[in-house]
Amino acid sequence: MKKIVDWFDERIQTREIKETLFDRKIPKGVGWIYALGSASLFLLILQAVTGILLAMSYSAAPDHAYASVQYITEQIPMGAIIRGLHKWGASFMVIVVTLHMIRVYFMGAYKFPRELTWVLGVLIWLVVIGFGFTGYLLPWDQKGYWATMVGANLAGQAPFIGEAASKVLRGGEALGAITLTRFYAIHVLVLPASLLTLVGLHLFLVVRQGISAPPERDKGERS
Amino acid sequence: MMESWKERALARYQELKKLGKSFFPYIIYKDTVVVFLIFVVVLGLAIVKGAELEEVADPTDTTYNPRPEWYFLFLFQALKYVPGSLEAVAAIILPSLVILLMILLPFIDRGPRRHPFDRPLLTILGIVAIVGFIGLTVVGLESPLLNPVVHKDPQVMAGRKLYADLKCSYCHSINGRGGVAGPDLTTVGSRRERDWFVQHFQSPQRVTPGSVMPRLNLLPEEVDELVAYMMTLGGGGGPFTPKAPHLFQDHCESCHRLDGKGGEIGPDLTTLRTYRDKGFIYGYIQDPKPFNPETSMPGFKGTLTDPEIEDLSRYLLSSKREKK
């Protein structure tokens, strides 16, 4: 075992990586509420794993989507649980990421030197919402179809670009086959690629700069 | 040159870091506990509640009550309080502005003060936003559905499915969806009688000489299902519930005559559907004054719920009241 570790360490200095990641000092006072970030990361992994499993049996065509979801739920071993995990995991993802953001907001942790981490975080939050919106349509049931209809119509209300945005979203005038493939492509290609990039940068900054310390009262000293 | 407070902030951070513990195992331990708890809850919900699957999407179903995913519900609810002309502002411009401000937050709120009590304005703003979100979501969850929930006749549902399976829409259209080779069926239920449909589906040429519609060779029960579906195509505002006639009796009949029964104080409403649309009728029942300042009719907003007014409007628009 030690030999293997040494072999890697001689080549890519794994001990340095371990020191940076695991032995780094966390400032005094960091409490339970700081775990929300790690919880978001865990939910991301849960969504990725269950999402990949679902994608293996899902068909993104209006004629087959509903039946394929039924097939997943009823025929595939553990299929109902995998769908359940993905669905509830999505809701929890929104909740936990939002709570994480609320924590940072009230603690003023977005301030110098962590401005970029915050900006990336807001973008991650938007991507998570995008996942929710596109994923809702995929089962092609009444709920998803009509909620998407409302969403696309609302997007159409935007000044100047509304008409075009709504058209691009739907892939045409009506909500149909192209909308479904488009939402699927966004859900499994565009958003995951964006999310991984953003989360990678976000985490790089967190490790590089260190987790913010809890805020302290201003003692009246002026800068 | 770095401002002095920034240098002090960085120095203080180094101090606190020296006092702190290492990420492994202390922080990892807390993370693991929290992650484990969340996973247990998610797994529990996945097993107990699962992921529901409603009926397959039906683009022609105008009676469905759209409901967004719960975290969009607050926006959905907020839009109900906004007049139509401002909808774009409330639905798109305002949320976009909020998101933009969120992104720019660290560049707007600068300086050394981090504690929530040292930033009272932002702290209050944050609390107001959270309370507003929760409040609107709760109201949204409790608010009545706009479309009355109509009990779906299984025979009609079977007919609707047959209509799709037989690809009738290649030639016929309903509510503007479908082909143009055959007649438009949007209001066919109010134009034809049951017997006509039965004969028509047995042999189109018998009732319509020269028709190019193919014979469908249906089983008798399939004919019944298809006829049941055709009979629901009455134009109008959509199906009404069995409560609608009673609503009319209780609230309208003392003044209005309908299908030969009722009071004489207000106008006869029997043929209202031929010259008024649902938007008008719905608005008029809610509050007639904007439409007709002279009227002595009271507004029913408050007396009746929105779904009841919707139900009544559909009842008045229906061409098949008397047959029920």
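At least one side-chain heavy atom of A/Phe106 sits less than 4.5 Å from a side-chain heavy atom of B/Ile130. The shortest side-chain heavy-atom distance between A/Phe92 and B/Val41 falls under the 4.5 Å cut-off. A heavy-atom distance below 4.5 Å is not found between the side chains of A/Val122 and B/Leu105. Side-chain contact between A/Tyr105 and B/Asp109: absent, with no pair of heavy atoms (C-beta onward) separated by less than 4.5 Å. Using a 4.5 Å heavy-atom cutoff, the side chains of A/Phe42 and B/Asp31 are not in contact. Side chains of A/Tyr145 and B/Val56 form no contact here, defined as non-hydrogen atoms less than 4.5 Å apart. Side-chain atoms of A/Tyr34 and B/Ile27, non-hydrogen and from C-beta on, never get closer than 4.5 Å to each other. Side-chain contact between B/Tyr71 and A/Ile95 is absent, with no heavy-atom pair separated by less than 4.5 Å.
For chain B, no part of A/Leu116 is nearby; none of its heavy atoms comes within less than 4.5 Å. Residue A/Leu43 touches chain B through its side chain alone, counting heavy-atom pairs closer than 4.5 Å. Within the 4.5 angstrom heavy-atom criterion, atoms from both the backbone and the side chain of A/Ser212 approach chain B. Interface remark: A/Lys143 contributes backbone and side-chain atoms alike to the contact with chain B (heavy atom separation under 4.5 Å). With a threshold of 4.5 angstrom between heavy atoms, A/Leu46 approaches chain B through side-chain atoms but not through N, CA, C or O. With a threshold of 4.5 angstrom between heavy atoms, B/Tyr26 does not approach chain A through any atom at all. At a 4.5 Å heavy-atom cutoff, the contact between A/Trp140 and chain B is made by backbone and side-chain atoms alike. Contact of A/Glu19 with chain B is not made at all, since no heavy-atom distance falls under 4.5 Å. Both the backbone and the side chain of B/Lys30 come within less than 4.5 Å of a heavy atom of chain A. When heavy atoms are compared at a cutoff of 4.5 Å, B/Ile93 approaches chain A solely by way of its side chain, counted from C-beta outward. Heavy atoms of A/Pro214 lying under 4.5 Å from chain B belong exclusively to its backbone.
Comparing A/Gly84, A/Ala67, A/Gly108 by how many heavy-atom pairs each has under 4.5 Å with chain B, the most go to A/Gly108. Each of A/Val94, A/Ile82, A/Ile81 has some count of heavy-atom pairs under 4.5 Å with chain B, and the biggest count is that of A/Val94. For chain B, the option among A/Arg83, A/Glu115, A/Met101 with the highest count of heavy-atom pairs below 4.5 Å is A/Arg83. Between chain B and the options A/Met149, A/Glu216, A/His86, heavy-atom pairs under 4.5 Å are most frequent for A/Glu216. Options A/Gly37, A/Ser91, A/Pro159 differ in how many heavy-atom pairs under 4.5 Å they form with chain B, and the most are formed by A/Ser91.
Figure legend: A/Arg114 and B/Tyr13 shown as a cation-pi pair, the cationic atom lying under 6.0 angstrom from the six-membered ring centre and within 45 degrees of its axis.
The aromatic rings of A/Phe22 and B/Phe23 sit tilted, their planes meeting at an angle between 30° and 60°.
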Could you walk me through whether B/Val34 and A/Leu36 pass the side chain to side chain contact (heavy atoms under 4.5 Å, CB included) test, one step at a time? CA-CA 8 Å; B/Val34 171; A/Leu36 288 166; 5.6 Å; no
For the pair B/Leu53 and A/Tyr66, evaluate side chain to side chain contact (heavy atoms under 4.5 Å, CB included) and give the outcome as yes or no after the intermediate values. CA-CA 9 Å; B/Leu53 187 62; A/Tyr66 186 79; 3.6 Å; yes
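With respect to the salt-bridge test (charged N to carboxylate O, under 4.0 angstrom), the residues A/Lys87 and B/Glu52 qualify.
Distance check, rounded to the nearest 0.5 Å: CD of B/Glu69 to OG1 of A/Thr148 gives 10.5 Å.
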